[in-house]
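These numbers come from a predicted model, not from an experiment. Only heavy atoms go into these numbers, but all of them, side chains included; no hydrogens, no water, no symmetry mates. Protein chains get the first letters and strands the later ones, always in sequence-line order, with residue 1 at the start of each.
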Number of protein chains: 2
Amino acid sequence: MEKTICKFCNLKSAAAKKLNEDEICALGNNCAEVQFKTGDIIIKQDALSTNVVYVKSGLVKIHIKGPIKERIRKIIKAPAYLCLPSTFGDKVNHFSATALEDTSICFIDVNVFKQFIYDNGDFAYQIILDLSKGELQNFHSCLNNAQKQNIGRVADAILFFANEIYNSNSFTLPISRQDLADLTGITRESASRILTDFHNEKILEIDSRKITVVNEALLRQISEKG
Amino acid sequence: MEKTICKFCNLKSAAAKKLNEDEICALGNNCAEVQFKTGDIIIKQDALSTNVVYVKSGLVKIHIKGPIKERIRKIIKAPAYLCLPSTFGDKVNHFSATALEDTSICFIDVNVFKQFIYDNGDFAYQIILDLSKGELQNFHSCLNNAQKQNIGRVADAILFFANEIYNSNSFTLPISRQDLADLTGITRESASRILTDFHNEKILEIDSRKITVVNEALLRQISEKG
DNA sequence: CGACTGCTTGATGTTGCTCAACGTGCGTGG
DNA sequence: CCACGCACGTTGAGCAACATCAAGCAGTCG
């Protein structure tokens, strides 16, 4: 039965590790795991958010359709909760989520989740930690973006993929140039231009979506100088 | 004794209202109320954050010294918790807070606060709600700012003061032009220019820091169009 | 009264967006 | 199978928005 699935899951969140035997059973009974393929939409903006969404494995982009243009808020790597604030702060999703690679998602009944917060202080505290860290991170990225010019933002994005996502100087970009532009808040043309600039200055090796960071020191310098 | 102070305080946060008799006593015993005058620094960036900070009354600006220039993150009106994420997510403050008018602050021992989260599910849930709403709000303001041009941001700021802070079309700006610029992420000169533009176009009546919104509809339109 | 701060205004340079043209790969329908 | 539309990517030219630089003005404090 499903009961056992969560119990023996080795990809539990920090909060879920604090649950006791009974609670884990409750979680198993009110939780559904779903597989998504690259490009699949996981949750849709403005839809009712009736579940807590946990990314068990894979890679996801959080994006939002603004009044003017699409914006990618961030890229999330498993394991992580997706948009907890949406779930609690409001009834509807404030953004969409799309899988960037094959991804496993657990949908958890929000009432069960809420009950855990009420009953299990350890669990609640972990969630609060999670939210706090998320906000700090989010805030800093906002701040950085606001002060940097385009070249710095693109450098940031490249370093983010290299260091945070793939832990390698050589990787395949999981998104298109348009998406890269939406992620950094610039235009498709600017993104393209800057990438070729980086290539010309021997900072990156680029073969369509395959990217190798050649001169990381310089890239980091560009990122920091803005 | 201090015990009674919190108990009979009529400016309790939503979370504090969920505390029981004993907990309120504990709060009273581990909480210090301090008065700040306009311009006083309440907390300082990079200092250790050993207390939860609650704004009981008054007005506060949260600002951060970036690598390039000062940035004002937001203006907070009582009652509200200040930078909970900093307190839990990290040991040091990620920003400074300065009083914009005479302000009452309660410093609460973080361990007592933490204990409430562990022991009192209602309390924990209120904090989670608070954090969630904060993040959603924060996120939307980031998004807006990123897509808007200067004139729209200034319009935003004026509307914010008129509607959120003073609930009046006529008010005295509690900050300098430089601060307004830091708040909207533009230069002092641009802020100044845009204000006189608004004045010339009969959108605002301006007498140094005294501002009256004359044509709110148009201002709102400017804010929305970007 | 002079130094200083906060504010305003104009002139100039830079950044990055828009628009437009063009190449490429992919899927669809005749 | 080819023609066609379509999404994606690249490149160049022109222009609008802003920051920067520079100068000047009013109020204030020692």
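No N or O donor and acceptor, one from the side chain of B:Gln149 and one from the base of C:dC17, sit under 3.5 Å apart.
As judged by a 4.0 angstrom heavy-atom cut-off over every strand, A:Gln178 is placed among residues touching the sugar-phosphate backbone only. The residue A:Ser208 sits apart from the nucleic acid: no heavy atom pair falls under 4.0 Å.
In the set D:dA19, C:dC7, D:dA22, C:dC7 carries the atom at the smallest distance from any side-chain atom of B:Arg209. Of the candidate nucleotides C:dC19, C:dT9, D:dC18, D:dC18 has the atom lying nearest to any side-chain atom of B:Ser190. For B:Ser192, whose side chain is taken as the heavy atoms from C-beta onward, the closest listed nucleotide among C:dT9, D:dG9, D:dT11 is C:dT9. The nucleotide whose nearest atom lies closest to any side-chain atom of B:Asn150 is, among D:dT11, C:dT8, D:dA19, D:dA19. When the nucleotides D:dG9, C:dT9, C:dC7 are ranked by their closest atom to the side chain of B:Ser176, C:dC7 comes out on top. Side chain of B:Arg193, nearest nucleotide from D:dG9, D:dT20, C:dC19: D:dT20.
Below 30°, between 30° and 60°, or above 60°: for B:His140 and A:His94 the angle between ring planes is between 30° and 60°, a tilted geometry. Using a 30° and 60° split on the angle between ring planes, A:Tyr166 and A:Phe171 fall in the parallel class, below 30°.
We find that CD1 of A:Ile151 is positioned 13 Å from P of C:dC17, with the value rounded to whole Å. Counting to the nearest Å, the C1' atom of C:dG16 and the CD atom of A:Gln147 are 18 Å from each other. In this structure, B:Asp197 atom CG and D:dC18 atom C1' are separated by 13 Å, rounded to whole Å. Atom NE2 in B:His199 sits about 13 Å away from atom C1' in C:dT8, given to the nearest Å. Rounded to whole Å, atom P of D:dG27 lies 14 Å from atom CZ of B:Arg177. Following rounding to the nearest Å, B:Glu189 (CD) and C:dT8 (C1') show an atom-to-atom distance of 9 Å. Rounding to whole angstrom units, CZ of residue A:Arg188 and C1' of C:dG23 are separated by 14 Å. Protein atom NZ of B:Lys148 is 17 Å distant from nucleotide atom P of D:dA17, rounded to whole Å.
A:Glu189 has no carboxylate O lying under 4.0 Å from a charged side-chain N of A:Arg193, or vice versa, which leaves the two without a salt bridge. Taking the charged nitrogens against the carboxylate oxygens, B:Glu135 and A:Arg73 do have a contact shorter than 4.0 Å, which makes a salt bridge.
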Discussion item. With side chain to side chain contact (heavy atoms under 4.5 Å, CB included) as the criterion, how do B:Asp182 and B:Arg71 come out once you've worked through the C-alpha distance, each side chain's angles and the decisive distance to 0.1 Å?
Written reply: CA-CA 5 Å; B:Asp182 292 339; B:Arg71 192 67 220 271; 5.5 Å; no
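The phosphate of D:dA19 has OP1 or OP2 within less than 4.0 Å of a side-chain N or O from B:Thr187.
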